[in-house]
Amino acid sequence: MARFSTVLLGFLFLCLSTVAWAQTEDMKYKDPAEPVNVRVWDLMRRMTLEEKIGQMAQIDRTAATAEIMKNYSIGSLLSGGGSVPRPQATAQDWVNMVNDYQNGSLSSRLGIPMIYGIDAVHGHNNVYKATIFPHNVGLGCTRDPELVKRIGAATALEVRATGIQYAFAPCIAVCRDPRWGRCYESYSEDHKVVQEMTEIISGLQGEIPAGSPLGVPYVGGKTKVVACAKHFVGDGGTIRGIDENNTVIDVQGLFDIHMPAYYNAISKGVSTVMVSYSSWNGKKMHANRALVTGFLKHILKFRGFVISDWQGVDRITDPPHANYSHSLEVGINAGIDMVMIPYNYTEFIDSVVESVNNNRISMSRIDDAVFRILRVKFMMGLFENPLADYSLVDQIGSQEHRDLAREAVRKSLVLLKNGKSADKPVLPLPKNASKIFVAGSHANNLGNQCGGWTIEWQGLGGNNLTVGTTILSGILNAVDSGTEVVYSENPDAEFVKSDNFSYGIVVVGEPPYAEFGGDNQNLTLPEKSLNTIKNVCGAVDKCVVVVVSGRPVVLEPYLSEMDALVAAWLPGTEGQGVADVLFGDYGFTGKLSRTWFKSVDQLPMNVGDAHYDPLFPFGFGLETQPTTSS
């Protein structure tokens with residue numbers, strides 16, 4: 001009897017082991033040795049309709065909990081501008097937060113990891129102490145794709161240091177009107193410059209392997225991130241530069257000006273594309289099936305996933321969200337794969353389920369969307385490495401990255417005027433002057449020099465938002481120890497005349513802004529800044545004006561009062577780079593990536609236009625040589 005029991009137990013153990021082995025063997029999606037497509041299909045055949053639609057949802061972290069991630073199979077989370085674990089959160093705080101949500105996803109029925117996205121548009125700009133690089137308008141002036149690629153790689157490291165795997169960058173808009181509040185997110189008015197700067201994708205994601213099929217997404221490991229080419233397409237061409245408005249242009253113009261950079265992005269393996277809020281000839285891009293599915297997916301062979309902008313599907317109707325189920329049907333049928341909801345995920349899931357059940361959205365469209373999302377997740381190794389650790393936390397604001405940002409600042413500066421006559425240049429400035437004067441709203445203001453999309457969505461003024469070097473601090477570091485530097489933000493003329501200053505440096509510009517918050521039909525500097533220019537430049541023998549702005553601004557009739565003029569754009573945290581060039585440690589090399597107009601009445605005006613009559617033309621930029629001594 002004992003021998004019989006032993007045999008029976010052995011047989012039962014063998015049967016149970018075989019069943020368990022068969023179940024494991026059958027779960028091909030968990031096997032990294034299987035091809036990506038095999039893993040995707042194996043997972044999808046196990047998913048319910050609700051789980052598939054959950055994967056198509058991206059919600060803000062403030063709307064999520066670990067339990068929600070588990071119960072609804074939410075595909076993605078994001079931090080909107082300024083959405084942080086706590087004020088001045090550390091990299092460890094970010095990792096812990098992301099992992100908490102991720103553990104919720106991993107405990108779901110199928111254990112599908114979520115992907116976390118963030119607007120890292122000039123460095124990891126939501127994160128305290130992160131390196132803030134110059135905004136794209138300045139990087140376009142460097143004409144240096146290799147530099148931009150290195151910036152992409154540094155940004156990827158800092159993003160990964162916080163546990164985040166997905167950056168909503170780069171913006172490859174071609175800004176055709178500087179009145180647009182997002183013009184500083186554009187590298188240039190010239191699509192050829194924008195195309196060159198798509199090299200940042202190779203920095204963010206890694207260099208796509210030779211021989212890779214066109215359009216297939218690529219992310220090269222745990223130090224790289226999923227990139228996002230945005231905003232498809234024509235966002236930079238809206239009437240009068242009004243954000244989210246209508247781009248009126250014929251087919252040839254759209255394809256000649258606004259589309260080319262997407263060819264480069266897709267050839268570099270960009271993993272995602274974000275759709276624009278704007279319309280093309282009255283048709284909302286979020287509803288434009290011909291361009292999103294017909295052209296982007298079918299003709300360009302894009303195999304990553306298409307994501308909406310924040311509540312972009314809601315804005316298909318006016319007013320937004322007026323007929324949400326209809327908007328979802330139109331947007332998803334147009335080819336949007338992931339919807340940045342970003343709050344009411346239950347309304348989204350219930351509405352899409354109802355539309356599928358009533359054949360207003362086909363099951364094949366849902367499967368295509370989910371396949372694309374899961375392809376990116378498998379391709380980037382998210383199933384094998386879903387959780388972050390602290391191994392990269394020292395990358396946040398590292399000295400190497402700050403040195404890179406400082407280099408980018410130097411190369412982005414454009415010298416527009418250098419002396420009232422060519423034979424008497426003012427720059428570079430001597431470091432050993434006895435007494436110099438520094439003035440202006442942007443000389444000692446880290447927030448102003450970083451601009452929008454820095455810590456908060458709209459940016460912040462002042463010096464308490466993050467860690468960096470102001471332009472004034474850079475000047476103090478650059479001059480000789482015996483040089484007296486006097487600073488006053490808004491001095492009166494009598495004060496400036498009362499001292500015998502060797503020269504004056506006036507640093508003025510725009511306040512921080514983002515998106516529609518920066519739409520501006522006048523493009524004038526604040527009155528206080530104009531008074532500072534007059535008071536200082538009218539009272540010193542040599543006056544250098546540095547303009548810190550996201551775009552060209554009105555300079556007349558003040559230009560004649562300036563002895564030298566520098567466009568510094570929005571340089572970010574490393575203001576020392578401005579001083580490096582002002583004082584001749586490095587020469588000026590930057591070239592305008594945008595036309596500098598005389599008057600807003602000329603706008604829009606771009607290089608090649610028949611009525612082209614600029615103050616400074618596209619490509620202009622005086623050069624200086626480094627000095628060996630002061």
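For Val148 against Leu139, the heavy-atom pair with the smallest separation is CG2-CB, 4.3 Å. Asn126 approaches Ile455 most closely through the heavy-atom pair OD1-O, 3.8 Å. The two residues Ser278 and Val233 have their closest heavy-atom pair at OG-O, 4.3 Å. Here the closest heavy-atom approach between residue Val496 and residue Phe437 is recorded as CG2-CE2, 3.8 Å. Considering every non-hydrogen atom in both Ala120 and Ala169, the closest pair reads O-CB, 3.4 Å.
Side-chain contact check for Thr595 and Glu189: at least one donor-acceptor pair (N or O, by modelled atom type) lies under 3.5 Å. A side-chain N or O of Gln521 and one of Arg240 form a donor-acceptor pair less than 3.5 Å apart. For the residue pair Gln195/Asn264, the side-chain donor-acceptor check at 3.5 Å is satisfied. His135 and Glu185 form no side-chain donor-acceptor contact under 3.5 Å, judged by distance and modelled atom types alone. For the 3.5 Å distance criterion, the side chains of Gln399 and Asp403 qualify, holding a donor opposite an acceptor. Checking Thr532 against Asn535 by side-chain atom types alone, no donor-acceptor pair falls below 3.5 Å.
Between the OG atom in Ser83 and the CG atom in Leu78 there is a gap of 7.0 Å [rounded to 0.5 Å]. Separation of atoms OG (Ser79) and CD1 (Ile164) is listed at 5.5 Å; rounding is to 0.5 Å. How far OG1 of Thr131 is from NE2 of His124: 11.0 Å, rounded to the nearest 0.5 Å. In this structure, CG in Leu157 is found 12.0 Å from CG in Asp394, a value given to the nearest 0.5 Å. Between atom CG of residue Leu603 and atom CH2 of residue Trp180 there is a gap of 15.0 Å, rounded to the nearest 0.5 Å. Taken to the nearest 0.5 Å, the CG atom of Leu472 stands 4.5 Å off from the CG atom of Asn444.
Using a distance-only test at 3.5 Å, with no hydrogens or angles considered, a donor-acceptor pair links the side chain of Ser188 to the main chain of Ser593. Side chain of Lys417 to backbone of Leu559: a donor-acceptor contact under 3.5 angstrom is found. Judged purely by atom type and a 3.5 angstrom limit, Asp60 uses its side chain to pair as donor or acceptor with the backbone of Gly80. Remark: the backbone N or O of Pro170 is not paired with any side-chain donor or acceptor of Lys230 at under 3.5 angstrom. Side chain of Ser186 to backbone of Ala173: a donor-acceptor contact under 3.5 angstrom is found. A donor-acceptor pair under 3.5 Å links the side-chain atoms of Asp93 to the main chain of Thr90, judged by distance alone. Looking only at distances, no side-chain donor or acceptor of Asn418 sits under 3.5 Å from a matching main-chain atom of Pro425. Using a distance-only test at 3.5 Å, with no hydrogens or angles considered, a donor-acceptor pair links the side chain of Thr272 to the main chain of Ala227. The closest donor-acceptor contact from the side chain of Gln458 to the backbone of Ala514 lies under 3.5 Å. A donor-acceptor contact shorter than 3.5 Å links the side chain of His122 to the backbone of Trp453.
For Trp596 and Tyr612, the ring centers sit 6.0 Å or farther from each other. Taking the six-membered ring for Trp and the full ring otherwise, Phe168 and Tyr166 have centroids separated by under 6.0 Å. Ring centroid separation for the pair Tyr184 and Tyr513 comes in under the 6.0 Å cut-off.
For Glu146, the CD atom is densely surrounded, since the number of other residues' heavy atoms within 6.0 Å is greater than 12. Heavy atoms from other residues, nucleotides or ligands lying under 6.0 Å from CG of Asp541 number 12 at most. Residue-environment remark: NZ (Lys542) stays at or below the threshold of 12 foreign heavy atoms within 6.0 Å.
A 4.5 Å side-chain heavy-atom check between Lys224 and Leu204 finds every atom pair outside the cut-off. Contact of the Val548 side chain with the Val508 side chain is not registered, since no non-hydrogen atoms from C-beta on lie closer than 4.5 Å. Here the side chains of Leu555 and Leu565 are in contact, with some heavy-atom distance below 4.5 Å. At least one side-chain heavy atom of Phe588 sits under 4.5 Å from a side-chain heavy atom of Val566. Using a 4.5 Å cut-off on side-chain heavy atoms (C-beta onward), Glu484 and Ser434 make no contact. Side-chain contact between Met97 and Tyr116: present, with at least one pair of heavy atoms (C-beta onward) separated by less than 4.5 Å. The shortest side-chain heavy-atom distance between Met340 and Gln311 does not fall under the 4.5 Å cut-off. Here the side chains of Glu510 and Arg551 are in contact, with some heavy-atom distance below 4.5 Å.
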Verdict with supporting geometry, Trp457 and Phe516, ring pair (Phe, Tyr, Trp, His ring centres under 6.0 Å): CA-CA 11 Å; Trp457 171 41; Phe516 49 81; 5.6 Å; yes

Salt bridge (Lys or Arg N to Asp or Glu O under 4.0 Å) between Glu158 and Lys129, worked out: CA-CA 10 Å; Glu158 296 205 19; Lys129 292 187 178 180; over 6 Å; no

Full working for salt bridge (Lys or Arg N to Asp or Glu O under 4.0 Å) between Lys528 and Glu489: CA-CA 10 Å; Lys528 277 188 177 180; Glu489 182 175 335; over 6 Å; no

CA sep, side-chain torsions, deciding dist, call: Glu196, Lys192, salt bridge (Lys or Arg N to Asp or Glu O under 4.0 Å): CA-CA 6 Å; Glu196 291 173 0; Lys192 292 188 290 295; over 6 Å; no

Asp519 vs Arg179, salt bridge (Lys or Arg N to Asp or Glu O under 4.0 Å): CA-CA, chis, key distance, verdict: CA-CA 6 Å; Asp519 286 357; Arg179 292 174 289 189; over 6 Å; no

Derivation and outcome, side chain to side chain contact (heavy atoms under 4.5 Å, CB included), residues Val485 and Val438: CA-CA 7 Å; Val485 179; Val438 181; 3.9 Å; yes

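Between Asp235 and Arg182 there is no salt bridge, since no side-chain N of the basic residue sits under 4.0 Å from a carboxylate O of the acidic one.
Using bins of under 30°, 30° to 60° and over 60° for the plane-to-plane angle, the ring pair Tyr262/Phe232 lands in the perpendicular bin.
A cation-pi geometry, defined here as NZ or CZ lying under 6.0 Å from the six-membered ring centre and within 45° of its normal, does not hold between Lys431 and Phe583.
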